[in-house]
Amino acid sequence: MYHVNLIEQFDRGVEEMGREVSESCVESLVTEIVSSYCNGFYADKPELAARRIEAIGFQVGHQLSERYTMDRPRFTDHLEAIKFICKDFWSEVFKKQIDNLKTNHRGTFVLQDNRFRWLSRMSVDPSIETLGSIQDPSAMAENKAAQAIGMHLYFPCGIIRGALSNLGIPCAVSADISNLPACSFVIRIKA
């Protein structure tokens, strides 16, 4: 399948610490995945496109997490694993740490990135005050720009969910955007 080859290309590029993929190539890859699924394969089914994009991100996150934790002992609790995602994992994937981590100590974590790299070159109509959550792609149908940005966030949500799944933490991940390029990723640990 086409997307499997893209994952392999992405994975090969970040395979070793000394070898990296150009940031513009990764951004182009994500843009192409979103475009292919939203405008081609599932043009009339945004919910299915969103699930497929998130699934590709899940595979990438799972493989990257495996690679980045190969020489580490297993994490003892959820908070330790989330801190790994915020510091080490995020640094490897996005070249910076998460700006803020919040938790309610009951299985919900909010990771705030004030300048999310994959959104830094996107813009929307300034009359739109809040873009909201990407949990319901059909709810954004009125606003094409917000929908396009939301679709781009399914991939990193999948990366986070895949990484945590590999660490033995089943969860749901959603993204909230209110002021580009800031983005919050909400992780809800499944009991």
Side-chain angles (χ1 to χ4, degrees), residues 10-11 14 17 20-21 23 26-27 30 34 50-51 53-124 129-137 139-140 146 149-191:
F10 180 83
D11 215 24
V14 292
M17 297 293 264
E20 297 180 4
V21 172
E23 189 173 337
V26 173
E27 288 178 13
V30 172
V34 171
R51 282 198 307 262
I53 293 166
E54 197 268 351
I56 295 169
F58 178 90
Q59 291 176 335
V60 170
H62 197 274
Q63 292 171 2
L64 290 175
S65 177
E66 180 73 26
R67 188 160 288 133
Y68 297 152
T69 59
M70 203 177 312
D71 299 327
R72 292 177 177 262
R74 252 350 226 182
F75 296 110
T76 57
D77 63 5
H78 293 147
L79 183 58
E80 194 176 314
I82 296 290
K83 286 180 180 178
F84 163 77
I85 295 294
C86 292
K87 294 179 180 179
D88 301 331
F89 187 83
W90 211 261
S91 293
E92 288 294 331
V93 177
F94 300 108
K95 307 300 180 228
K96 68 181 281 285
Q97 293 183 2
I98 281 290
D99 294 307
N100 194 5
L101 168 64
K102 296 178 184 175
T103 182
N104 66 358
H105 299 287
R106 291 184 297 245
T108 300
F109 298 88
V110 179
L111 286 58
Q112 176 71 38
D113 190 333
N114 294 330
R115 188 160 167 75
F116 186 56
R117 296 174 92 73
W118 292 354
L119 296 181
S120 64
R121 292 180 186 84
M122 293 187 176
S123 63
V124 293
E129 201 167 291
T130 301
L131 297 176
S133 172
I134 65 161
Q135 293 175 356
D136 183 11
M140 289 189 289
I149 290 170
M151 286 298 189
H152 277 83
L153 290 173
Y154 280 104
F155 189 76
C157 285
I159 289 176
I160 296 167
R161 192 172 71 83
L164 288 170
S165 173
N166 184 57
L167 299 175
I169 302 173
C171 63
V173 180
S174 61
D176 291 316
I177 44 179
S178 58
N179 189 18
L180 288 177
C183 183
S184 296
F185 294 94
V186 180
I187 300 169
R188 290 179 180 84
I189 307 294
K190 294 180 180 174

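Positions are given from 1, in the same order as the sequence printed here. Values in this document were obtained by computation on a predicted structure and should not be read as measured data.
- When the side-chain hydrogen bond (donor to acceptor under 3.5 Å, both in side chains) test is applied to S65, the partners found at least two apart in sequence or on another chain are N166.
- For K96, the side-chain hydrogen bond (donor to acceptor under 3.5 Å, both in side chains) criterion is met by D99, D113, not counting sequence neighbours.
- Of all heavy-atom pairs spanning R115 and P181, the tightest one is NH1-CG, 3.7 Å.
- Between Y154 and I56, every side-chain heavy-atom pair lies at or beyond the 4.5 Å cut-off.
- Rounding to the nearest 0.5 angstrom, the gap separating the CG atom in L111 from the SG atom in C86 is 3.5 Å.
- When all heavy atoms of A175 and C183 are compared, the pair lying nearest together is CB-SG, 4.1 Å.
- Rounding to the nearest 0.5 angstrom, the gap separating the CG atom in N179 from the CG atom in L119 is 11.5 Å.
- When atom types are taken as modelled, the side chain of R161 and the backbone of V173 share no donor-acceptor pair closer than 3.5 angstrom.
- The side-chain hydrogen bond (donor to acceptor under 3.5 Å, both in side chains) test applied to E80 returns T76, not counting sequence neighbours.
- For R72, the salt bridge (charged side-chain N to carboxylate O under 4.0 Å, His left out) partners at least two apart in sequence or on another chain are D88.
- Residues satisfying the side-chain contact (heavy atoms from CB on, under 4.5 Å) test with K83, not counting sequence neighbours, are L79, L101.
- Sorted by first and then second residue, the ring pair (Phe, Tyr, Trp, His ring centres under 6.0 Å) pairs involving residues 161-183 (not counting sequence neighbours) form an empty list.
- For R74, the side-chain hydrogen bond (donor to acceptor under 3.5 Å, both in side chains) criterion is met by no residue, not counting sequence neighbours.
- Nearest heavy atoms, S174 versus R188: OG-NH1, 3.7 Å.
- In this structure, F116 and F185 have perpendicular ring planes: the angle between them is above 60°, well past the 30° mark.
- Each of I85, I189, I82 was compared with I169 under the side-chain contact (heavy atoms from CB on, under 4.5 Å) criterion, and only I189 meets it.
- Across every non-hydrogen atom of W90 and I98, the tightest pair is CE2-CD1, 3.4 Å.
- Proximity of a side-chain donor or acceptor of T103 to a complementary backbone N or O of T108 within less than 3.5 Å is detected.
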**Request:** Could you check K102 against S184 for side chain to side chain contact (heavy atoms under 4.5 Å, CB included), going step by step and ending with a plain yes or no?
**Result:** CA-CA 10 Å; K102 296 178 184 175; S184 296; over 6 Å; no

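- Residues satisfying the ring pair (Phe, Tyr, Trp, His ring centres under 6.0 Å) criterion with F89, sequence neighbours excluded, are Y68.
- Remark: S91 pairs with Q97 by the side-chain contact (heavy atoms from CB on, under 4.5 Å) rule, at least two apart or across chains.
- With rounding to the nearest 0.5 angstrom, the CG atom of L164 is 9.0 Å from the CZ atom of F109.
- Every residue two or more places apart in sequence or in another chain that forms a ring pair (Phe, Tyr, Trp, His ring centres under 6.0 Å) with F84 is listed here: F75.
- Interatomic distance, CD1 of I159 versus CD of Q59, reported as 11.5 Å (0.5 Å rounding).
- Atom-to-atom distance recorded for I160:CD1 and E54:CD is 10.0 Å, nearest 0.5 angstrom.
- Atom CD1 of I149 and atom NE2 of H152 lie 9.0 Å apart (nearest 0.5 Å).
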